[in-house]
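Read the numbers this way: they start at 1 and go in the same order the structure lists the ligands and their atoms.
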Amino acid sequence: MSYNLLKGKRGIIFGALDENSIAWKTAERIHEEGGTFVLTNAPVAMRLGQIKDLAEKTGSQVIPADATSEEDLANLVAQSVEILGGKIDFVLHAIGMSVNVRKGRSYTDEKYDFTSKGWDVSALSFHKVMQSLYKADAMEEWGSIVALTYMAAQRVFPDYNDMADNKAYLESVARSFGYFFGKEKNVRVNTISQSPTPTTAGQGVKGFGGFISYAEKMSPLGNATALECADYTVTLFSDLTRKVTMQNLFHDGGFSNTGVSQEIIERFTE
Ligand code: NAI
C-alpha cells in the first residue's frame, strides 16, 4: 500500500546489490511512496549485482562510489544534487563487509589489515558519507539519514566477529554526527537495528541458518523481513518522524527485549 509519504523528496541510496538487499527493497518502497533518488554502490559490486534493473524499474540513475573514498563521495553528492534538481532529503547507508569474516578468521585471530578495511567499509564510511554531505551543505532542512546496524553492537554473538565492533562504532557516529546535523541543519540521524535477514551480507555470517531460526523463535512478533525494514525506513524518511534523532531503533519483532521465549524453553525441557 502506498501513502505518498515521500512525494517530492530526493535521496541517495547506498548498498542495493541484488533483490534480497535491504537497500533494494527500500528503493522499491521509496519509489512507491513518490520519492526520487540516485542509487550508488562500489564499482566492483556494480559489475556483480543487478543494480541496473533496479534503476530502470525506479527511473533512477546509478553513480558508482566506493564509500571509503572521500573523492568518490564528494562527486556522488555533487552529481546527485544536480541530477535530482535540489538538496537531499534522505540518505540510506546500507553497507557492511568484514574481511575477517570473509576469510574465515575468528574474533580471536583477527588479521588487523582485514580489521581496518572492514571498519573503513562498514563503520567509518558512515562518517565519510555524512561529512561529504555536511561540507557540501547538500542536506535539505528536516532531512533524514539512516544507517543499518545489528544488535551485536550491544550483546555478544560470537560469530558476528569484528562486525560487532564496527556496528558499535557506526551507532556512535550516528549519535555524534546527529548532534551537529541537528543543531546546524535540522537534519536527523538514526540507526535501525534490524533482525537477521537472508541477504548476501547476512548469509556471510557463520551459522546464519541457526542464527535466523533462533531469532525467529525468540521474537514475539517473529523476525522483521527486509520489506518490513524498508517500510520502517520510509517512516523515518517521512515528515512524520521529524523529532526522532540520534537513536538506535530496534526493528526486530521484540527480540532485543526478550529474555527467553516459550518455544526456546520447550526445546530445552527434558
Ligand atoms: P547486502 O550484501 O545486500 O548489502 C551490503 C552492501 O554493501 C552491498 O551492496 C555491497 O556492495 C555494499 N558495499 C560493500 N563494500 C562497499 C564499499 N566499499 N562502498 C560502497 N558499498 C559497499 O546485505 P544487506 O543485509 O542488505 O546489508 C545492508 C546493511 O544491513 C549492512 O549494513 C548490514 O550490516 C545491515 N544488516 C544486515 C542484517 C542481515 O542479517 N542481513 C541484519 C542487521 C543489519
Are there more than 12 heavy atoms of other residues, nucleotides or ligands under 6.0 Å from atom [atom1] of [X]?
X      : atom1 : result
Gln203 : CD    : yes
Glu263 : CD    : yes
Arg242 : CZ    : yes

Return yes if a side-chain donor-acceptor contact under 3.5 Å exists between [X] and [Y], otherwise no.
X      : Y      : value
Asp162 : Asn100 : yes
Thr241 : Arg188 : yes
Asn248 : Thr191 : yes

Under-4.0 Å heavy-atom contact with ligand 1, by part of [X] that carries it:
X      : result
Lys167 : side chain
Pro198 : neither
Val121 : side chain

State whether the shortest distance between N or O atoms of [X] and N or O atoms of ligand 1 falls below 3.5 angstrom.
X      : value
Tyr150 : no
Ile95  : yes
Gly15  : yes
Ser21  : yes
Asn41  : yes
Ile22  : yes
Ala201 : yes
Ala67  : yes

Of the choices Thr197, Thr191, Thr149, Val205, which has the non-hydrogen atom that lies closest to atom 43 (C) of ligand 1?
Thr149

Nearest protein heavy-atom contact for atom 42 (C) of ligand 1: which residue, which atom, what distance?
Ser195 O, 3.5 Å

Charged tip of Lys111 within 45° of Phe114 ring normal and under 6.0 Å
yes

Face-on cation placement of Lys9 at Phe237 ring, 6.0 Å and 45° thresholds:
no

How close do Leu148 and Leu170 get, heavy atom to heavy atom, and via which atoms?
O-CD2, 3.3 Å

For Asp66, counting its heavy atoms only, list the atoms of ligand 1 lying under 4.0 Å from any of them.
17 (C), 18 (N), 19 (N)

Touching ligand 1 at all, Gly204? Heavy atoms, strictly under 4.0 Å?
no

